[in-house]
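Here's the structure, in structure tokens; my notes come after.
For reference, positions follow the sequence shown, starting with 1.
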Amino acid sequence: MVNSGLATLPPTIALSKGWNLVGVIGPTMLEPGTSISADTYFVNLSWSQAMGYDTSAGIFTTLLPNTGADLIVGQGYYVYFEKSGVLVP
């Protein structure tokens, strides 16, 4: 692998006010299936609810801020944001 000497910027995801479909990628390339705190992942963003689908149970799950809820790396969630912002995982 050749290093070009250029810095690599972290990915960014533009988010709109309202419902957004957000994929969870590990901030340090965590393995798929690893859990990460929703409050940590959405830090500095105003979110009020997230919805995910539990394939093993066949049900939708609701996640709320400040409840210790976890997201799973490699899964997607519908997330309601109170205002637009930028996610930097």
Between Q49 and T62, is a side-chain contact (heavy atoms from CB on, under 4.5 Å) present by the stated rule, with each step listed? CA-CA 7 Å; Q49 179 177 337; T62 300; 3.9 Å; yes

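- Taken together through direct or relayed side-chain contacts under 4.5 Å among Ile, Leu, Val, Met, Phe, Trp and Tyr, L64 and L87 form parts of separate hydrophobic clusters.
- Counting only heavy atoms from C-beta outward, the side chains of W47 and L15 never approach each other to under 4.5 Å.
- Annotation for G33 and I72: closest pair CA-CG2, 3.6 Å, computed over non-hydrogen atoms.
- At a threshold of 4.5 Å between side-chain heavy atoms, the hydrophobic network of Ile, Leu, Val, Met, Phe, Trp and Tyr places Y80 and L21 in one connected group.
- Of the candidates V79, D39, L63, L71 forms a side-chain contact (heavy atoms from CB on, under 4.5 Å) with just one, namely L63.
- Within a 6.0 Å radius of OH in Y53, other residues, nucleotides and ligands contribute more than 12 heavy atoms.
- No continuous path of hydrophobic side-chain contacts links I13 to Y78 [ILVMFWY only; heavy atoms under 4.5 Å].
- Take S56 and apply the side-chain hydrogen bond (donor to acceptor under 3.5 Å, both in side chains) test, not counting sequence neighbours, and it matches D54.
- Inter-residue side-chain proximity for P89 and Y41 is flagged as met; some heavy-atom pair is nearer than 4.5 Å.
- Remark: S46 OG to K83 NZ distance equals 6.0 Å, nearest 0.5 Å.
- Across all non-hydrogen atoms, the minimal contact from P65 to S48 is CD-O, 3.4 Å.
- Of all non-hydrogen atoms in F42 and V22, the two that sit nearest each other are CE2-CG1, 4.3 Å.
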